[in-house]
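A quick write-up on the structure given underneath.
Remember, predicted model here, so these are calculated numbers, not experimental data.
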Amino acid sequence: MRSVQRTPWSRPGRPDPALLRDVALVCLAGGVVGVSFGAIAVAGGLPVWVPVVMSLVVYAGSAQFSAVGVLLAGGGPVAAAATGLLLNTRTAAFSLAVAEHIGRSRLARLVGAHLVTDETVAFTLAQRDPARRRAAFWVSGVGLFAVWNACVAAGALAGGALGDTARYGLDAAFPAVLAALVLPALREDAGVRRAALAGAALALALTPAVPAGVPVLAALAGLALHGRAPGKRKEPQS
């Protein structure tokens with residue numbers, strides 16, 4: 001009789017340790033950024049409830065920072081909302097990429113759509129099969145949502161006690177952890193390296209000329225190079 005190989009995902013209560021480790025690292029970095037966001041918003045003069053409610057309802061780090069920046073600079077709610085919507089346009093494409101892995105019920109799709117972020121999509125698509133992808137989406141999605149909101153609330157309650165959060169280098173924590181997570185893929189796949197380098201070069205070139213968030217969207221153009229092997233041509237069959 002053919003033996004069936006069991007994986008950590010096929011055993012109830014035994015999630016993949018590697019996934020949990022990576023999610024924990026991103027949660028740690030996201031929590032640090034969340035504390036920074038809450039503190040910056042309240043120290044700038046906004047009531048404590050504004051960053052807390054925004055994190056629960058909007059749940060989009062870059063959009064929240066930009067919206068708060070507009071409000072603190074004297075812009076109105078319409079300008080702040082428009083800025084956040086512009087930065088979050090990428091999640092429409094991300095949602096299509098993971099839609100089949102969220103679940104089929106209306107409740108699952110409604111909750112899952114709210115949990116779609118750059119990180120949950122990355123964790124989901126990195127898995128090899130549908131069962132792992134669905135588990136990765138919900139583990140990372142729920143974990144990141146809980147940590148982000150708890151840390152934003154903590155930062156907001158701390159208010160101005162932290163002082164200038166930029167001096168702690170908190171803004172570098174999140175990108176540093178994400179870079180560490182993608183390094184293995186860059187080492188193993190030449191196609192990924194070509195796409196990443198092309199996207200990074202395009203983003204850097206556009207950064208001085210376009211609003212924040214647009215270079216990230218433009219960097220997706222680098223995906224056009226993924227999978228193309230330079231210098232190889234298909235030999236005609238005889």
*Going through the distances and angles, do Phe137 and Phe123 end up as a side chain to side chain contact (heavy atoms under 4.5 Å, CB included)?*
CA-CA 7 Å; Phe137 175 85; Phe123 279 123; over 6 Å; no
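- Looking at every heavy atom in both residues, Gln64 comes nearest to Pro51 through NE2-O, 4.4 Å.
- For residues 62-86, every residue pair satisfying the ring-ring contact (aromatic ring centres under 6.0 Å, His included) rule, not counting sequence neighbours, is listed here: Phe37-Phe65.
- By the criterion of side-chain heavy atoms lying less than 4.5 angstrom apart, applied directly or through intervening Ile, Leu, Val, Met, Phe, Trp or Tyr residues, Val98 is grouped together with Tyr59 in one hydrophobic cluster.
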*Determine, step by step, whether Val68 and Met54 satisfy the side chain to side chain contact (heavy atoms under 4.5 Å, CB included) criterion, reporting the C-alpha distance in whole Å, the side-chain angles of both residues, the deciding distance to 0.1 Å, and the verdict.*
CA-CA 10 Å; Val68 166; Met54 184 184 292; 4.1 Å; yes
*Given the rule in the side chain to side chain contact (heavy atoms under 4.5 Å, CB included) test, do Val152 and Val35 qualify, once you have shown the distances and angles that lead to the verdict?*
CA-CA 5 Å; Val152 167; Val35 171; over 6 Å; no
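- When all heavy atoms of Cys27 and Val147 are compared, the pair lying nearest together is O-CG1, 3.3 Å.
- To the nearest 0.5 Å, atoms CG (Leu25) and CZ (Arg21) are separated by 7.0 Å.
- Residues Val121 and Leu125 have side chains in contact (heavy-atom distance under 4.5 Å, counting atoms from C-beta outward).
- Of all non-hydrogen atoms in Gly30 and Trp148, the two that sit nearest each other are O-CE3, 3.4 Å.
- Linking Ile, Leu, Val, Met, Phe, Trp and Tyr residues whenever their side-chain heavy atoms come within less than 4.5 Å leaves Leu19 and Leu28 in two separate clusters.
- Remark: the backbone N or O of Ile102 is paired with a side-chain donor or acceptor of Trp138 at under 3.5 angstrom.
- Using a 4.5 Å cut-off between side-chain heavy atoms of Ile, Leu, Val, Met, Phe, Trp and Tyr, with links allowed through other members, Leu110 and Val57 fall into different hydrophobic clusters.
- A side chain to side chain contact (heavy atoms under 4.5 Å, CB included) with Phe145 is found for one member of Leu115, Thr120, Thr117 and no other, namely Leu115.
- Note that CZ of Arg109 is 8.5 Å distant from CZ of Arg104, once rounded to the nearest 0.5 Å.
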*Pair Ser36-Val32, side chain to side chain contact (heavy atoms under 4.5 Å, CB included): steps then yes or no*: CA-CA 6 Å; Ser36 176; Val32 171; 5.9 Å; no
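- In this structure, Leu144 CG and Asn149 CG are separated by 11.0 Å, a value rounded to the nearest 0.5 Å.
- Side-chain atoms of Glu119 and Ser140 include no donor-acceptor pair closer than 3.5 Å.
- Separation of atoms CD (Gln127) and CZ (Arg133) is listed at 8.0 Å; rounding is to 0.5 Å.
- Taking both residues in full, the closest heavy atoms of Ala203 and Thr207 are given as O-OG1, 2.6 Å, listed atom of the first, atom of the second, then distance.
- We find the NE2-CG distance between His114 and Leu56 to be 7.0 Å, quoted to the nearest 0.5 Å.
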